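Okay, structure first, notes after.
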Amino acid sequence: MRKLIRKSAGWIHASLMIAVIIPLFYSMGAESAGMLEQHLYAKCLVIVLPIATSDFAAEKCKNFLSYLLISIIIFATTGILSWCISASLNTNMMSWAYMIIILCETLFVIIDRFVERVSKYKEIKLSQGENPDWHPYRTILREPTFIFLSYFVVIYTIALNLNSPSVCNAALFSAIVYTLTTLLYQYVCETENYLSLNKRTCNLPSRRIYGIGGGMLAIFLMLFMLVLLPSLFTVNSRHYRDLRNWFGDMDTNFPNPEDENITEDPVEDPMAALIAEYGEPKPTPQWLVYLTYALQVIVFLLLALLLLKKIFTAFRDFREAIDENGDVVEELHDTKEAPLPMKKSAPVNRRLSERERIRKVYRKTIRRYRKERPAIYESPSEIEVRAGIANREDCMKLHDDYELARYGHEL
């Protein structure tokens, strides 16, 4: 499951970064904001199909010929799909531009996957440090990071100054989805990294570690939603400008849509007739606008409460009686209410056996004549020599009794 999350996050990361390119390029040449196709960004998200399939091909193919064959199939399928989608665009020029750019992006993805596969193969060959100057290939289509959010900020700023609301909305949507994807990806990767670094010292089960990280992720998502609300409520209040007007009037000739070739008489606008008969429509009452905002705030608060409830439930589950390994987890109590039982010490006045008495006398004798503690590798004879009592008659008798008490079977 964690591997699928990492792969899916990589696909979303690459798709969002590539899909916004076509609307941005078209907005640079569009004469007005209304000429940009309304659903163009959604149609550009078709790039996720070659991204995902080429990833599987680079991973599963065993040789270059099989990968080349699958890449040709992916390229041809993407071309057919883009040709079908481009038929619904406004102009022929826009249709051809859409097809060409989609195919170029597909070719770039296929080549990038191939270079990454070759780089991994070289990394295995050079794992023993034969070439210290070699560096692994870093692809931009694999790992989502928060640094790439600046990419969408730049696109949003450019579209805002090119009078393109569609591209602004696409950049804002991409930034939101990209942030959520990056948070999930970083949560999985950093948790796996923590478990790998603390594999020997971490006593908590992995399910509990993932639960703690999941709770923190939910808190970050709630904070992100709070920060996001002003941007969503002020979508229609943006102040657009067109920097191209600073350089003078730019005459851009666009081909007329095919529907304009119809020679029939124009049909009277029914809305104009209704306005002429009944007058201008009344503006929306202010109380209705406030009611709509109040309902949106209530729905958001309900969602936030449900999210908080899930967070508290997740943290409360950490105190369950059985962990993932089936071991019983004892509940910790406050020492003031339930003090821990004191460990009973062994009775002091217990009668010693003959072996214990001799060994106790031997230790006291050695401590009396030797200041330092004997090493664990010293024999009794070496201990007595270093203590200076090896040639004494009473010590020789004690030595024989100690040897019999330690190694003999007669006592």
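What you see is a predicted model, and the numbers here were worked out from it, not measured in a lab. Quick note: numbers below take in every heavy atom, side chains included, and nothing from hydrogens, waters or symmetry partners.
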| Name of the residue among V48, L45, T106, I51 meeting side-chain contact (heavy atoms from CB on, under 4.5 Å) with I18 | I51
| field | Plane angle bin for Y402 and Y362 - parallel if under 30°, tilted between 30 and 60°, otherwise perpendicular | value | parallel
| said: Please determine whether the number of non-hydrogen atoms from other residues, nucleotides or ligands lying under 6.0 Å from atom OH of Y187 exceeds 12. | reply: yes
| Ion pair check, E356 and R359, cut-off under 4.0 Å | no
| said: Using side-chain heavy atoms (C-beta onward) and a distance below 4.5 Å, is S166 in contact with L40? | reply: no
| task | Please indicate whether I147 has more than 12 foreign heavy atoms, meaning atoms of other residues, nucleotides or ligands, lying under 6.0 Å from its CD1. | result | no
| Is there a side-chain contact between M17 and S174 (heavy atoms, below 4.5 Å)? | no
| task | Please confirm whether the backbone N or O of P165 pairs with a side-chain atom of N169, one donor and one acceptor, at under 3.5 Å? | result | yes
| Derivation and outcome, side chain to side chain contact (heavy atoms under 4.5 Å, CB included), residues V167 and Y41 | CA-CA 8 Å; V167 181; Y41 177 71; over 6 Å; no
| request: Compare all side-chain heavy atoms of I383 with those of R370 and state whether any distance is below 4.5 angstrom. | output: yes
| message | Please verify the inter-ring angle class for Y67 with F114; under 30° counts as parallel, over 60° as perpendicular, anything in between as tilted. | response | parallel
| S8 side-chain N/O to I5 backbone N/O, donor-acceptor pair under 3.5 Å | no
| query | Below 4.5 Å, heavy atoms only, C-beta onward: do Y151 and L16 meet side chain to side chain? | reply | no
| message | side chain to side chain contact (heavy atoms under 4.5 Å, CB included), that's the test. Do I22 and E105 meet it? Break it down for me. | response | CA-CA 10 Å; I22 296 178; E105 292 171 352; 4.1 Å; yes
